[in-house]
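Contents: one structure, followed by commentary.
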Amino acid sequence: MARIIGGITTSHVPAIGRALAKELQQTPYWKPFFDGFLPVHDWLARNKPDIAVVFYNDHGLNFFLDKMPTFAIGAAAEYHNADEGWGLPELAPHQGDEDLSWHLIDALVEAEFDLTTCQEMLVDHAFALPLELLWPEGPCPVRTVPICINTVQFPLPSAARCYKLGQAVGRAIEAWESDARVVVIGTGGLSHQLEGERAGFINKEFDQMFMEKLVSDPLWATRYSIPDLVELTGTQGVELVMWLATRGALLGDVAKIHSNYHIPISNTAAGLMLMENA
Amino acid sequence: MNNAKTRKIPGTTLFDSEMARKGYALNKMCFSFNSAACREAFLQDEDAYCTQYGLNAEQREAIRQRNVLGLLAAGGNAYYLAKFVGIFGLDMQDIGAQQTGMSKEAFIAKLAAYAK
């Protein structure tokens, strides 16, 4: 059976793409952010996952309001990045794993998670940048399965629902007849708000509690409704549901191997965590 | 309390069904700006481009003025509006400053102060 070797959660911000394109990693502004990934690079080099299942939210590259799935999963052999409107260099394509995609689709629908299945799917910065951050030497050595959760149009799926989706994904991976080593990745958050008179809102106290509880008591955050989470973490801070889905997929108890928290990257409180099953 | 329609969060509009309906044409136009050719077409003739997407008077005025709060009130969604403001080379600190009535320097300082 396939094995889940750990979970990695990180923020995603388009400005990271600009920093990579301009090679600003060691400038004073970016260094505390990029250096946070060094222990994760070591862990990945030692543990060598074959596949990454990635929870992320699309920002209007693949999906528009004409058809907006609450949960969508890729089932493609390859995933391409494209211009998101800012003319940044296109990020390298990522290899898919169609066998795991279809296994997950079968298992998740069976578990009453009725996802939209995508045999073609553009992946935006939220999917592609974290993979560049995790494997900066390139090319990305893992096959991937993207799972997209709607954070654009309300109502969003609840924190509790996203956690349960993660659990269903974790159980499905562990039941998959394969010797693959799978890492689960969640990208988004932490607190930030781009729009409105409250633009620039950050909540360090909540973020730090969230990171602590994600390890010890993951149901803690699922008590909050989505509007509660918007109030506490900002309109885009609510992307922390990707972290909950990732934690759910790890099933059981976990140990924190590494974390980093840095304010700000662009308008965002940037978080990073690496967890292993205890 | 879970209803986005009745919940009030200061300085924040949840992009709920009402906004999704109101802003559809505006957001569709902004979505088109993923394409460099569409960005160019907009810059060549803004009015014609807005007409092509069927923007209403409120949306057209907010587009003309590059007024982010106005665009949000007209049903714009932050993720699509980010593509519109990118045409003018504005980043998220420019946009944050505009919406909060601060200078860009003051807005950046406000973000950095959260680290303390």
Side-chain angles (χ1 to χ4, degrees), chain A residues 13-15 18 29 32 57-66 68 82-88 122 124 151-156 158 191-205 207 224-228 230-232 234-236 238 261-269, chain B residues 1-17 19-21 23-24 27-28 30-36 38-39 68-69 71-72 76-87 89 91-93 95-102 107-108 110-116:
Chain A
V13 181
R18 269 183 219 110
Y29 183 87
N57 56 296
D58 179 80
H59 299 68
L61 178 64
N62 192 68
F63 296 113
F64 179 60
L65 301 171
D66 59 335
M68 182 56 70
D83 189 352
E84 294 182 54
W86 312 302
L88 291 171
L122 291 173
D124 74 2
T151 60
V152 174
Q153 179 179 288
F154 286 66
L156 313 184
S158 71
S191 60
H192 64 299
Q193 174 153 338
L194 300 179
E195 75 273 35
E197 293 87 346
R198 201 172 72 136
F201 176 78
I202 283 175
N203 187 344
K204 181 180 179 181
E205 193 183 346
D207 287 342
Y224 295 110
S225 71
I226 291 292
D228 285 340
V230 169
E231 183 152 20
L232 286 163
T235 38
Q236 284 76 35
V238 74
Y261 182 77
H262 175 69
I263 296 174
I265 290 304
S266 190
N267 296 12
T268 301
Chain B
M1 293 300 278
N2 294 344
N3 190 336
K5 287 192 189 353
T6 56
R7 180 65 171 265
K8 294 279 176 266
I9 300 169
T12 304
T13 304
L14 301 182
F15 189 74
D16 62 7
S17 54
M19 300 311 276
R21 291 167 73 174
Y24 191 79
N27 290 316
K28 187 167 178 175
C30 292
F31 178 65
S32 77
F33 296 143
N34 279 335
S35 149
C38 291
R39 299 195 291 272
V68 176
L69 290 176
L71 289 163
L72 291 166
N77 175 282
Y79 292 125
Y80 307 115
L81 294 180
K83 303 173 195 299
F84 170 65
V85 300
I87 294 177
D91 64 25
M92 282 302 136
Q93 291 77 54
I95 297 310
Q98 186 198 104
Q99 294 176 97
T100 54
M102 304 169 89
F107 185 78
I108 289 170
K110 169 187 147 89
L111 290 167
Y114 281 112
K116 294 178 186 119

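Computation of the quantities below employed the complete heavy-atom set of this structure, encompassing side-chain atoms and omitting hydrogens, waters and symmetry-equivalent molecules. Chain letters run A, B, ... following the sequence lines, proteins first and then strands; every chain starts at 1.
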Would you mind reporting whether A/Q236 and B/Y79 have side-chain heavy atoms less than 4.5 Å apart? yes
A/Y29 versus chain B, the contacting section by heavy-atom distance below 4.5 Å: neither
Can you tell me which portion of B/F15 sits under 4.5 Å from chain A's heavy atoms? Options are side chain, backbone, both or neither. both
Could you look at B/L69 and say if it's the side chain, the backbone, both or neither that has a heavy atom under 4.5 Å from chain A? side chain
Is A/D124 close to chain B through its backbone or its side chain, or both, or neither, when contacts mean heavy atoms under 4.5 Å? neither
Structural part of A/D66 lying under 4.5 Å from a heavy atom of chain B: both
Judged by modelled atom types alone, do A/E197 and B/T100 share a side-chain donor-acceptor pair under 3.5 Å? no
Hey, could you give me the CG/CZ distance between A/L65 and B/R21, rounded to the nearest 0.5 Å? 13.5 Å
If every non-hydrogen atom of A/E231 is compared with every non-hydrogen atom of B/P10, which pair is closest and at what distance? OE2-CD, 4.4 Å
Part of B/K116 within contact of chain A (heavy atom distance under 4.5 Å): backbone
Rounded distance (nearest 0.5 Å) linking atom CD of B/Q99 with atom CD of A/Q193: 8.5 Å
Evaluation steps, side-chain contact (heavy atoms from CB on, under 4.5 Å), between A/T235 and B/T12: CA-CA 8 Å; A/T235 38; B/T12 304; 3.5 Å; yes
Closest non-hydrogen atom pair, B/K110 against A/A199: CE-O, 3.8 Å
Rounded distance [0.5 Å steps], CZ in A/R198 versus CD1 in B/I9: 6.5 Å
With a 4.5 angstrom heavy-atom cut-off, could you sort out which part of A/L61 is near chain B: side chain, backbone, both or neither? both
Short side-chain to backbone donor-acceptor contact, A/N267 and B/M92, under 3.5 Å: yes
Are A/E84 and B/N34 close enough, and set up right, to give a side-chain hydrogen bond (donor to acceptor under 3.5 Å, both in side chains), and what steps lead you there? CA-CA 5 Å; A/E84 294 182 54; B/N34 279 335; over 6 Å; no
Should the pair A/D83-B/R39 be classified as a salt bridge under the 4.0 Å nitrogen-to-oxygen rule? yes
So which heavy atom on B/R7 is nearest to which on A/P227, and how close? NH1-CB, 3.5 Å
Counting only N and O atoms by type, is there a donor-acceptor contact under 3.5 Å from the side chain of B/K83 to the main-chain atoms of A/W86? no
Please identify which of these residues, A/I226, A/V230, A/V238, meets the side chain to side chain contact (heavy atoms under 4.5 Å, CB included) condition with B/L14. A/V230
At a heavy-atom separation under 4.5 Å, does B/N77 approach chain A through its side chain, its backbone, both, or neither? side chain
Between A/V152, A/T268, A/L156, which has the largest tally of heavy atom pairs under 4.5 Å with chain B? A/V152
Chain B contact via A/T151 - side chain, backbone, both or neither, heavy atoms under 4.5 Å: both
Report which part of B/A113 has an atom under 4.5 Å of a heavy atom belonging to chain A: side chain, backbone, both, or neither. neither
Based on non-hydrogen pairs under 4.5 Å, which of B/F107, B/F33, B/Y80, B/F84 is most in contact with chain A? B/Y80
Ring centers of B/Y24, A/F64 separated by less than 6.0 Å: yes
For B/Y114, is it the side chain, the backbone, both, or neither that has a heavy atom closer than 4.5 Å to a heavy atom of chain A? both
